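A short write-up of the structure that comes next.
Please read all numbers here as calculations on a predicted model, not as lab measurements.
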Amino acid sequence: MSAIAAVLGDGDPAAAREVVGLLAAVAARGREVGETRTLEGGALGVARFAWEEAPGLAGPAQVFVGPDGTVVVADAAIYYVADFRRALAGAGVTPPAEHPSALIWAAWKAWGREAPARLEGDFAFVLWDAGRRELLAARDFHGSRPLFFADRAGGLALSSGLRGLAALEGVSRELNRDALAEEITGISSACVAETPVVGVGRLPAGWSLRWSLGGPARLERHWEPPLFERGDWRADEAPELLRSVLGLAVRERVAEVERATVWMSGGYDSTAVYAAGRAALGEGGGDRLQVVSMSYPPGDPGREDELIEAVAARWEAQVRWVRSTDLPPLPDILAWAASRDEPAAHAFTPWNAALASATVAGGARVALNGNGGDQFFGVSPVYLADLLRSGQWRRLRRDFSALRLRGAEAFLFWAVVPALAPAVERWLDGATRGRLPRHYLEEPWPAWLPAAVAARLEERRARPRRRPGESHSAAEAAWYLTGSFGPRTISSAAAIVLSQGAEARSPLYDGRVLRVAAMQPRDMRNDAGERKKLLRLAVRGLLPDSVTTVRQSRTGLPGGWLRDRLLRFIPDSLAALRGSWRLVDLGLADPARLMREWDRYCQSPESEARRGGALFRAISVEAWLRQLR
């Protein structure tokens with residue numbers, strides 16, 4: 001991963017100095033090697049850590065200039081390079097080098113503005129074509145690598161970080177109250193390009209930005225989620241096909257690195273990544289793909305040690321354990337806020353940092369995870385709304401009972417409310433005086449959030465919007481890929497891994513894997529509580545039966561660890577934040593109600609996780625606001 005920056009305008013004399021400042025502001029993303037280059041009308045720069053110069057990572061930390069003078073800076077890892085080169089050859093283009101920036105240049109020469117849609121990888125890049133006087137920037141659909149932009153009079157600035165752009169001359173530092181409200185409530189917003197600073201925009205995951213001298217920045221989506229449950233299903237071939245593409249996805253992500261780790265839990269997702277990867281890597285795969293896992297004490301709801309040991313034994317592998325009891329507490333609130341580029345803190349920062357540190361201690365710089373399994377291979381009970389809509393009454397009754405749901409409220413929550421149009425839902429909620437169950441993807445607003453703010457946020461929520469022929473369960477999978485919350489969380493977690501000297505990669509967020517996942521009929525994702533059937537079938541024989549068997553309840557839940565940390569972190573943080581709260585001054589919080597919520601959380605932290613999470617977000621954003629300059 002890298003830090004990239006660009007400042008372009010009509011003969012901006014300060015461009016080079018501003019690019020240096022933007023890179024310094026995101027030094028946590030790289031600072032040891034790099035380059036800044038001044039061009040006619042602007043400057044571009046890139047920086048990264050020395051360890052990222054190793055094979056299989058980012059390539060040389062340089063501003064790449066193509067034979068035609070087009071300039072590229074990239075924070076990127078490109079996969080399936082052999083297939084990509086064949087496609088380029090078909091378009092009559094030969095990449096001048098193998099590193100990501102050169103491949104991005106070649107894609108631009110071959111396909112122009114369609115280039116981002118032809119790339120497979122984790123990427124954020126800025127490309128300036130001086131001949132066309134046109135800029136193209138883009139991010140992949142996974143969203144692990146951030147990119148922000150700021151329109152200024154006659155020019156455009158881009159950076160891997162928000163704070164540096166907000167400090168530039170000519171950029172509005174006014175706070176975006178609605179975007180801040182989204183940060184403290186944790187909603188997934190449809191306003192995917194906004195940030196808490198009015199003058200700075202976020203290039204959303206799966207989107208491109210185009211800009212020409214003197215004009216405004218134009219955003220457009222270059223990637224759309226596939227239609228799930230699309231019908232071209234071959235039950236006899238699908239498990240083997242998924243095993244093959246998942247193994248290939250792992251192999252591509254460790255193609256040239258000497259060693260990588262899989263952060264393995266005892267669930268279906270990370271174990272499938274490991275098993276398919278080991279099978280694809282063949283002899284010697286045990287040395288190249290190692291296991292790092294979190295160990296919880298007996299009786300803890302997060303404990304899956306025995307399942308992890310069973311997988312390791314099946315593959316004659318050793319587990320590098322990280323003990324949950326050895327993890328440090330959450331950081332000091334003000335120091336933590338000063339180190340973050342964005343307002344929201346990741347509650348599992350010590351957890352992710354410890355696993356990343358163990359990855360590096362084992363001699364690896366790439367950490368693979370199982371992110372995406374829940375979204376693409378499972379589905380919530382919202383599919384009951386599909387059964388209701390299609391008149392499958394007998395199956396609806398059977399599955400409602402099998403999912404251990406009870407009562408009219410649960411039936412309304414899962415089967416009825418998701419199918420209502422927002423306007424109808426609001427009308428019914430008013431008619432029932434607020435007694436209609438909330439939409440299943442919407443957490444209730446914190447009690448300390450003013451009603452007027454909540455009303456504005458209701459209009460900004462990203463709800464599943466069904467495309468023609470799309471079911472509620474299919475729309476849910478697409479929702480994870482189009483709202484703001486998922487990519488923000490992914491980017492935040494990836495930054496934690498980077499802080500420890502490693503790079504996070506997610507094989508289940510591979511385009512080929514996603515296309516196979518989209519083929520599944522709904523009952524492969526959830527059939528009366530039996531979830532992720534295709535994923536389990538794909539690795540049958542590669543994992544012990546104890547791991548792939550149907551489970552009556554979820555395992556590996558780290559909520560107990562987080563609860564214990566919050567009970568210490570929140571009171572210490574409240575003490576450190578004495579005085580007038582900026583969130584209160586901005587009209588985003590009622591201080592008396594906020595303290596009452598803390599009292600209620602303390603009374604029953606085991607059952608009040610939602611309140612604890614809301615308090616954590618509010619405290620984190622308040623501290624960030626106090627550190628903002």
Side-chain angles (χ1 to χ4, degrees), residues 261-275 289-315 317-331 345-362 364 367-374 378 489 492-493 496-497 499-500 502 504 506 508 531-532 535-536 543-570 601 604-613 616:
T261 64
V262 173
W263 290 4
M264 189 189 294
S265 70
Y268 301 140
D269 309 324
S270 58
T271 53
V273 166
Y274 179 73
L289 204 59
Q290 301 181 349
V291 179
V292 170
S293 294
M294 187 67 66
S295 173
Y296 294 89
D300 190 293
R303 185 176 177 86
E304 293 181 315
D305 296 36
E306 291 75 19
L307 292 169
I308 295 165
E309 289 282 15
V311 175
R314 163 66 178 80
W315 287 97
Q318 297 296 315
V319 181
R320 183 176 290 271
W321 290 104
V322 176
R323 298 186 183 280
S324 65
T325 52
D326 293 341
L327 297 185
L330 294 172
H346 198 300
F348 284 90
T349 291
W351 192 94
N352 282 282
L355 290 173
S357 180
T359 292
V360 175
L368 306 182
N369 56 51
N371 293 352
D374 289 344
T489 304
S492 175
I496 298 167
V497 178
S499 72
Q500 303 302 306
S506 303
L508 292 175
R531 303 176 73 246
K532 305 183 183 179
L535 193 61
R536 292 185 289 109
L543 292 173
D545 291 343
S546 59
V547 175
T548 58
T549 191
V550 178
R551 302 179 193 179
Q552 297 304 310
S553 59
R554 292 190 65 185
T555 61
L557 303 176
W561 176 87
L562 180 59
R563 180 189 66 239
D564 293 343
R565 295 313 194 269
L566 289 182
L567 285 171
R568 285 178 282 172
F569 173 79
I570 293 177
Y601 179 66
S604 185
E606 294 84 0
S607 60
E608 295 288 357
R610 175 180 56 80
R611 281 191 170 84
F616 172 79

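Among pairs with a residue in residues 351-362, those fulfilling side-chain hydrogen bond (donor to acceptor under 3.5 Å, both in side chains) read Thr261-Thr359, Trp263-Thr359, Tyr296-Trp351, at least two apart in sequence or across chains.
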Using the side-chain contact (heavy atoms from CB on, under 4.5 Å) rule, take Val262 and Val291 through it: C-alpha gap first, then chi angles, then the decisive distance, then the call. CA-CA 5 Å; Val262 173; Val291 179; 5.6 Å; no
side-chain contact (heavy atoms from CB on, under 4.5 Å) for Thr271 and Glu304? Distances and angles first, verdict last. CA-CA 12 Å; Thr271 53; Glu304 293 181 315; over 6 Å; no
Might you work through the side-chain contact (heavy atoms from CB on, under 4.5 Å) test for Met264 and Val319, ending with a clear yes or no? CA-CA 9 Å; Met264 189 189 294; Val319 181; over 6 Å; no
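Between Ser270 and Asn369, the closest side-chain pair of non-hydrogen atoms is not below 4.5 Å. With a 4.5 Å cut-off on side-chain heavy atoms, Lys532 and Asp374 count as touching. Side-chain contact between Asp305 and Trp321 is present, with at least one heavy-atom pair separated by less than 4.5 Å. Looking at heavy atoms from C-beta onward, Val497 lies out of side-chain contact with Leu355 at the 4.5 angstrom threshold. Considering only heavy atoms from C-beta on, Ser324 comes within 4.5 Å of Pro297 through its side chain. Within the 4.5 Å cutoff, no side-chain heavy atoms of Ser265 are placed close to those of Met294.
Heavy atoms only, all atoms of each residue included: Val547 and Gly266 are closest at CG1-O, 4.2 Å. Across all non-hydrogen atoms, the minimal contact from Ile496 to Ala353 is CG2-N, 3.7 Å. Heavy atoms only, all atoms of each residue included: Ala310 and Ser546 are closest at CB-OG, 4.2 Å. The two residues Gly370 and Leu508 have their closest heavy-atom pair at O-CD1, 3.3 Å. Scanning both residues, Ala272 and Leu543, for their nearest heavy atoms gives N-CD1, 4.2 Å. Minimum heavy-atom separation, Gly373 to Asp269: CA-OD1, 3.4 Å.
At most 12 heavy atoms of other shown residues, nucleotides or ligands fall within 6.0 angstrom of atom CZ in Arg323.
A distance of 9.0 Å separates CZ in Arg303 from CD1 in Ile308, rounded to the nearest 0.5 Å. Separating the OG1 atom in Thr549 from the CG atom in Leu307 is a distance of 10.5 Å, to the nearest 0.5 Å. If you take CG on Asp326 and OG on Ser295, they are separated by 9.0 Å, rounding to the nearest 0.5 Å. Between the CZ atom of Phe348 and the CG atom of Leu330 there is a distance of 9.5 Å, given to the nearest 0.5 Å.
Both the sub-6.0 Å distance and the 45° axial angle are not jointly satisfied by Arg611 relative to the ring of Tyr601.
In terms of the salt bridge (charged side-chain N to carboxylate O under 4.0 Å, His left out) criterion, Arg314 has no residue partners (sequence neighbours excluded). Residues passing the side-chain hydrogen bond (donor to acceptor under 3.5 Å, both in side chains) test with Arg531, sequence neighbours excluded: none.
A side-chain donor-acceptor contact under 3.5 Å links Thr349 to the backbone of His346.
Between Tyr274 and Trp315, the ring planes are perpendicular. Angles over 60° get that label, and only those under 30° would be called parallel.
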